[in-house]
Amino acid sequence: MSKHEEILAKSEDSGFVPLWKHLDDVSRIAIVVARNLGLDETIAYKGAVLHDIGKSSSIFQQTLKHGYRRSPTFIFRHEIASVFFISLLEDKEKDSVIDMIVAHHKSLYQDVRGLGFLDLDYNDDSFKIHSEKFYEWKNVALDILEEFGFKVHDISIEEAKQNYDYALSYCEEMRLNCSMWKGLLMAADHMASALNDDIGSAINKLYIKPDLSFYNRTSDLYPLSSIGIDDARKYTLVTAPTGAGKTDFLLRRCKGRVFYILPFQASINAMYDRIKSDLSETDSQIYLLHAASELKMEDGTLEERIMQRHIGASIKVLTPHQIASVVFGIKGFEAMADDLYGCDVILDEIHTYSDVIQAIVLKLIDVLKTLNCRIHIGTATMPTVLYNSILELLGGEDCVYQVKLSNDILATFNRHIIHKSESFEDCSKVIEDAVTNKRKILIVCNQVKRSQKIYESLKEQYSDTMIMLVHSRFKRERRQELETRLKNIYNETNEACIVVSTQVVEVSLDISFDVMVTECAPIDAMIQRFGRINRKRTLKTIGNYKPIYVIKPFEEEKDCLPYSVNVLQRSFEALPTDGLMKEIEVQDMLDKVYPEICFQNIDYSGVAFMDGQWIIKELCHRPKSALLETLDIDSAVCVIQNDSTKYREGEYTERTKIEIPVSFRSVGYAKLAQIDCGSRPFVIPDEAYSDELGLIMEKAKSQLYNLFL
């Protein structure tokens with residue numbers, strides 16, 4: 001409790017949070033983070049208390065009043081006013097605390113709105129603006145600091161100017177680097193602001209080393225379970241087929257907190273569920289990180305749903321998109337770097353990414369080495385040229401524990417007979433026979449539009465058979481429902497069923513069907529798809545084979561997207577014809593399709609880390625657009641017109657439920673309306689979406705809007 005309860009950290013509309021309470025929360029978290037990063041806890045405490053002390057200003061306090069509206073020319077950055085008090089520190093503490101204060105909201109310079117510390121000094125009389133009425137509020141600030149244990153003295157306007165000039169001079173000489181101190185403060189500040197109430201229980205859940213002893217289990221069915229993990233080398237490269245026990249082996253190699261990185265939302269959902277179940281009897285804090293992760297944790301406490309986004313989890317399951325900020329230097333990358341520091345990072349099936357994402361993952365590996373991470377990579381299908389590039393990047397055989405299975409063991413993983421077909425129509429009899437014989441059929445397309453068309457046709461033809469469609473262009477809540485039905489109903493049924501899908505089924509979705517009909521994809525992606533057929537490994541299933549029908553690639557480039565015609569043609573040719581898919585031949589097939597890595601056309605100008613060093617100025621970050629321009633991912637969202645009001649008025653979780661992920665280039669230039677809040681979704685006509693088909697792209701046109709809404 002403070003005698004200055006009336007001094008707020010957040011506006012009256014945000015709940016009357018007293019400044020002293022916010023500073024106390026941030027400082028308590030900062031101490032824990034510093035302890036785990038090996039940083040000075042006293043400096044962390046002092047920086048956390050000082051970071052927002054500029055909010056004591058009467059000018060800033062006025063902006064927190066109910067109904068206050070800032071004029072377009074108003075400027076007051078509380079973090080700049082906070083540096084007026086750094087003379088209360090010892091000289092050895094000042095630079096680290098400046099790191100924590102001056103850029104915890106804005107990039108030091110070249111801020112998007114020009115409000116960075118150096119931006120304002122170059123363009124305006126920043127000190128004069130921020131020291132206005134200093135004599136009115138400095139004693140309030142000093143009182144609060146004294147309550148936090150600072151040895152205070154009166155600070156004149158001249159001393160405040162000296163402190164400002166010291167910070168300015170320090171920042172002008174800023175080197176290329178990533179500031180651990182800034183990351184510490186941002187992590188602590190964001191967590192304290194999100195939790196808001198008592199943070200004691202949350203602090204107790206930070207930095208718990210996961211108990212991974214569960215994964216010491218052994219079985220003759222999973223050959224990797226009998227291979228030892230006690231190799232002194234820091235990094236791991238495991239090559240083995242789906243079902244050989246890679247996940248267990250990779251987790252057994254981990255010694256500390258874990259980041260588990262997988263390619264797709266569906267795969268991280270499945271891995272999160274698996275690890276959460278496996279470790280349910282331990283104190284390990286396991287969190288999921290992607291745009292829809294709060295939906296997965298909706299039944300959890302508010303604290304759990306908040307904690308998933310913050311530092312210090314025992315195990316965090318995510319995609320490379322959530323971690324790419326450290327490669328591009330996007331706002332908050334320092335906090336992500338601090339969270340990663342010294343952790344075990346598992347990169348599972350990184351070969352399944354596009355060329356661009358693969359290139360970024362290689363950059364990420366370089367950053368992770370600098371952050372003292374132990375890196376463990378698992379793959380079923382990695383081309384030799386990519387494998388060798390990663391091996392070299394990790395330091396070669398002296399640094400990497402390489403694990404592969406013998407040919408005799410690989411032979412026990414032969415599971416599929418491959419047939420080649422000229423068209424989907426040629427597979428009609430295959431589907432008919434499978435339905436008659438109560439088989440579970442998985443049909444995989446490379447484009448959402450084709451999957452919708454095939455689904456509608458089959459639904460009409462097999463009206464008495466269970467059939468569903470799943471792809472990435474559904475509302476997030478609906479997508480989660482579909483994945484649950486796929487896993488718990490369609491996967492478990494003894495009756496005939498048909499699932500029409502896209503690439504979302506490729507990695508780590510734990511289903512085992514009987515028959516597959518798939519469009520030709522790159523060989524590595526296809527092998528992942530094949531892993532959804534005859535997946536369950538038992539003594540009875542070893543030596544039993546199930547059929548996969550691969551459709552010849554289209555000839556037009558537009559029909560082959562998102563893949564290259566040449567890669568698809570080479571992949572189709574590499575497959576056996578009406579023959580057994582042999583695991584011992586997989587590597588040769590991969591190397592025929594991928595004789596080289598084509599990264600030469602990728603623009604690395606947006607990265608913040610290159611050739612083992614940071615190439616971004618300390619305390620600076622880049623705008624998010626740098627990432628979106630480089631990654632061709634689900635970088636935008638849309639909502640149907642009828643959900644527009646619900647989106648504007650809803651909370652984060654409610655908004656997330658009704659978002660439909662989509663690539664920016666598919667909607668960004670279609671002259672659609674856009675909602676200016678949340679994730680700034682594009683608005684599509686109601687008739688461009690259904691819960692059965694998902695997003696119907698050809699109807700996402702502004703001329704189809706309901707003008708009465």
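All values below were derived from every heavy atom in this structure, side-chain atoms included, with hydrogens, water molecules and symmetry-related copies excluded.
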- Would you check, one step at a time, whether the test side-chain contact (heavy atoms from CB on, under 4.5 Å) holds for R473 with S663? CA-CA 10 Å; R473 304 305 190 229; S663 64; 4.3 Å; yes
- Task: Under the side-chain contact (heavy atoms from CB on, under 4.5 Å) rule, what do I418 and V550 come out as? Steps first, then yes or no, please.
- Result: CA-CA 7 Å; I418 308 300; V550 181; 4.2 Å; yes
- Full working for salt bridge (Lys or Arg N to Asp or Glu O under 4.0 Å) between E492 and K487: CA-CA 7 Å; E492 298 299 328; K487 181 179 177 181; over 6 Å; no
- What's the verdict on side-chain contact (heavy atoms from CB on, under 4.5 Å) for L288 and K316, showing C-alpha distance, side-chain angles and the deciding distance? CA-CA 6 Å; L288 181 70; K316 192 171 284 187; over 6 Å; no
- So Y272 and Y260, ring pair (Phe, Tyr, Trp, His ring centres under 6.0 Å) or not? Walk me through it. CA-CA 9 Å; Y272 168 77; Y260 203 119; over 10 Å; no
- Task: Apply side-chain contact (heavy atoms from CB on, under 4.5 Å) to the pair I523 and T381, showing each step before the final yes or no.
- Result: CA-CA 9 Å; I523 186 67; T381 52; over 6 Å; no
- Item | Test log, rule salt bridge (Lys or Arg N to Asp or Glu O under 4.0 Å), inputs K657 and E654 | CA-CA 5 Å; K657 289 179 180 180; E654 293 305 310; 3.3 Å; yes
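Within the 4.5 Å cutoff, the side chain of I323 has heavy atoms near those of the L340 side chain. Residues Y594 and P522 have side chains in contact (heavy-atom distance under 4.5 Å, counting atoms from C-beta outward). In this structure, V258 and I346 have side chains that are in contact, with non-hydrogen atoms separated by less than 4.5 Å. Counting only heavy atoms from C-beta outward, the side chains of V448 and L695 never approach each other to under 4.5 Å. Two residues are said to be in side-chain contact when any heavy atoms from C-beta on lie closer than 4.5 Å; H471 and Q452 meet this criterion. Side chains of H376 and L347 form no contact here, defined as non-hydrogen atoms less than 4.5 Å apart.
Ring planes of H419 and Y549: parallel class, angle under 30° (limits at 30 and 60°).
S421 contributes no side-chain N or O that, together with a main-chain N or O of S423, makes up a donor-acceptor pair within less than 3.5 Å. Counting only distance, with no hydrogens or angles, the side chain of S325 and the backbone of F333 share no donor-acceptor pair below 3.5 Å. Side-chain atoms of H416 come within 3.5 Å of backbone atoms of F530 as a donor-acceptor pair (strictly under, hydrogens ignored). Of the possible polar contacts, one joining the S280 side chain to the S277 backbone as a donor-acceptor pair under 3.5 Å is found. No side-chain donor-acceptor contact under 3.5 Å links Q285 to the backbone of A313. Looking at R485, its side chain never comes within 3.5 Å of a backbone N or O of E483 through a donor-acceptor pair. N534 places a side-chain N or O within 3.5 Å of a backbone atom of R415 that can act as its donor or acceptor partner. Between the N437 side chain and the R439 main chain, no donor and acceptor come within less than 3.5 Å of each other. Within the 3.5 Å criterion, the main-chain N or O of V385 finds no donor-acceptor partner in the side chain of E596. Of the possible polar contacts, none joining the S193 side chain to the H190 backbone as a donor-acceptor pair under 3.5 Å is found.
The two residues M382 and L590 make their nearest non-hydrogen contact at N-CD1, 3.7 Å. When all heavy atoms are compared, the tightest approach of C445 to Q503 is O-OE1, 3.8 Å. Across all their heavy atoms, E495 and K438 have their closest contact at OE1-CE, 3.6 Å.
Side-chain polar atoms of R476 and T656 form no donor-acceptor pair below 3.5 angstrom. A donor atom on one side chain and an acceptor atom on the other are found under 3.5 Å apart for S679 and E659.
Tested against L486 for a side chain to side chain contact (heavy atoms under 4.5 Å, CB included), the candidates N491, V504, I511, L442 yield a single pass: I511. Across K536, K440, K546, a single residue satisfies salt bridge (charged side-chain N to carboxylate O under 4.0 Å, His left out) together with D514, and that is K546.
Ion pairing of K429 with E432 is absent here, as no side-chain N (NZ or NE/NH1/NH2) approaches a carboxylate O to less than 4.0 Å. Salt-bridge check for K475 with D643: passed, with a basic side-chain N closer than 4.0 Å to an acidic carboxylate O.
Both the sub-6.0 Å distance and the 45° axial angle are satisfied by K420 relative to the ring of F572. For the pair R655 and Y647, the cation sits on the ring face: its NZ or CZ lies under 6.0 Å from the ring centre, inside 45° of the axis.
Between F513 and Y490, the distance from one ring center to the other does not fall under 6.0 angstrom.
Screening residues 549-574 for salt bridge (Lys or Arg N to Asp or Glu O under 4.0 Å) gives E422-K552 as the qualifying pairs, with residues at least two apart or on separate chains.
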Let me check something: any side-chain donor-acceptor pairs from residues 697-705 under 3.5 Å, sequence neighbours excluded? List them with distances.
from: Y705; atom 1: OH; to: A673; atom 2: N; distance (Å): 3.0
from: Y705; atom 1: OH; to: V683; atom 2: O; distance (Å): 2.5

